[in-house]
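Right, one structure below, let's go through it.
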Amino acid sequence: MTEPDEPTVVLDGFHALKHALRFGAHIERALTTDKAAALDLARQLAPDLTDRLATLLEPAAPEELTALTPRLHPTGVAALAVRPAADVPATGRTAPTVVLDNPRHLGNIGAVVRLAAGTGATGVITTGTTDPWHPHVVRAAAGLHFALPVTRRTSPDELPPGPLYALDPEGQDIRTLAEPIPPDALLAFGSERHGLTAATRARATHLIALPMRPEVSSYNLATSVAMTLYHWLSTSPAEPAGPAPGR
């Protein structure tokens, strides 16, 4: 495959391609080792995209797909998409933004992106050196990077304005907050091994904690994000769900 003029991201598997298409990704090329099987999967799980995939997918040998991604996905699908330039807006946010403070585990980052997309968060920002668009992260997120801004900052000083609620064992129990978490809040989560960095903790306007049984060390990062976003959802006005295009 020739290198495109714009930065691209690998979409590893049918579900990553499905979500990328639903959220407006520009696909440079999509390959499949079994087009009939891929279209059968589309008819089951993404009937809204079947006709488009019938035109987009190109039959290819397995080695063409493994040139893009080292491990062939069980669905036999891989694609290249243009990486969007979307960023978390500085103002006018209507849902919290998730901040992962110097995360390391690529699968956890992907799981958080998937959670954030599903709950309607404004975006996901990571600090540190790990690329939140790494192919393993995109795979774990099932291509939902295209549903919301996913970006990286080198330090917490570069975060957008807004109250920063940092998860910390010494913080206030999230169940006892006097006011709901506001929609323009930044929700910061430290790494499982080291917790929050000193810089992010100093930047925080609120330290909050999730309830946890004594003697248990910590929650998984994605679990902590899910619990916090669910708390925000449970204290926010419910909006009617739109029709589901598929799975």
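For this chain, numbers begin at 1 and follow the sequence in order.
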Practice problem: Could you verify whether a donor N or O on one side chain and an acceptor N or O on the other, from Asp101 and Thr200, lie under 3.5 Å apart? | Solution: yes
Quiz item: Just checking, any donor-acceptor pair under 3.5 angstrom between side chains of Trp232 and Thr228?
Solution: no
Taking the side chain from [X] and the backbone from [Y], do they hold a donor-acceptor pair closer than 3.5 Å?
| X | Y | answer |
| --- | --- | --- |
| Thr127 | Thr154 | no |
| Arg152 | Gly128 | yes |
| Gln172 | Thr176 | yes |
| His19 | Ala142 | yes |
| Thr205 | Leu164 | yes |
| Lys35 | Ala54 | yes |
| Thr32 | Gly76 | yes |

For residues [X] and [Y], determine if any side-chain heavy atom of one lies less than 4.5 Å from a side-chain heavy atom of the other.
| X | Y | result |
| --- | --- | --- |
| Leu233 | Thr119 | yes |
| Val99 | Phe189 | no |
| Thr97 | Val124 | no |
| Val113 | Pro132 | no |

Once rounded to the nearest 0.5 Å, what's the spacing between atom [atom1] of [X] and atom [atom2] of [Y]?
| X | Y | atom1 | atom2 | result |
| --- | --- | --- | --- | --- |
| Arg175 | Thr235 | CZ | OG1 | 14.5 Å |
| Thr126 | Asp131 | OG1 | CG | 7.5 Å |
| Asn108 | Asn220 | CG | CG | 4.5 Å |
| Leu53 | Leu41 | CG | CG | 9.5 Å |
| Leu17 | Leu57 | CG | CG | 6.0 Å |
| Ser236 | His231 | OG | NE2 | 8.5 Å |

Self-check item: Heavy-atom neighbours of Glu179 CD exceed 12 at 6.0 Å
Solution: no
Quiz item: Near Asp51 CG, under 6.0 Å, is it more than 12 heavy atoms from other residues, nucleotides or ligands?
Solution: no
Quiz prompt | Residue list, salt bridge (Lys or Arg N to Asp or Glu O under 4.0 Å) with Glu170, at least two apart or on another chain | solution = Arg201
Quiz prompt | Residues which pass salt bridge (Lys or Arg N to Asp or Glu O under 4.0 Å) with Arg153, listed by chain and number, not counting sequence neighbours | solution = Asp87
Quiz item: So which pairs with a foot in residues 83-139 pass ring pair (Phe, Tyr, Trp, His ring centres under 6.0 Å), sequence neighbours left out?
Solution: Trp133-His145, Trp133-Phe146, His134-His136
Exercise. Not counting sequence neighbours, list each pair that qualifies as a ring pair (Phe, Tyr, Trp, His ring centres under 6.0 Å) and has a residue in residues 205-230.
Key: Tyr165-His206
Self-check item: Identified side-chain contact (heavy atoms from CB on, under 4.5 Å) counterpart of Leu167 within the set Ile208, Leu196, Leu207
Solution: Ile208
Exercise. For a side-chain contact (heavy atoms from CB on, under 4.5 Å) with Asp184, tell me which candidate from Pro163, Pro161, Pro96 qualifies.
Key: Pro163
Shortest non-hydrogen contact from [X] to [Y]?
| X | Y | result |
| --- | --- | --- |
| Leu148 | Ala121 | CD1-O, 3.7 Å |
| Ala116 | Leu229 | CA-CD1, 4.2 Å |
| Gly162 | Leu186 | O-CD1, 4.1 Å |
| Ala209 | Pro169 | CB-O, 4.1 Å |
| Ala60 | Leu65 | CB-CD1, 3.8 Å |
| Pro156 | Ala199 | CG-CB, 3.6 Å |

Quiz item: Yes or no on side chain to side chain contact (heavy atoms under 4.5 Å, CB included) for Ile27 and Leu21, after CA distance, side-chain angles and deciding distance?
Solution: CA-CA 8 Å; Ile27 306 300; Leu21 286 171; 3.6 Å; yes
Hydrophobic cluster membership, with links at side-chain heavy-atom distances under 4.5 Å among I/L/V/M/F/W/Y: are [X] and [Y] in one?
| X | Y | answer |
| --- | --- | --- |
| Val98 | Ile181 | yes |
| Val137 | Val88 | no |
| Ile125 | Val150 | no |

Quiz item: What salt bridge (charged side-chain N to carboxylate O under 4.0 Å, His left out) pairs are there with at least one residue in residues 105-120, not counting sequence neighbours?
Solution: none
Quiz prompt | Set of residues satisfying ring-ring contact (aromatic ring centres under 6.0 Å, His included) with respect to His73, sequence neighbours excluded | solution = none
Quiz item: Does Asp48 pair with Arg43 as a salt bridge, N-O distance under 4.0 Å?
Solution: no
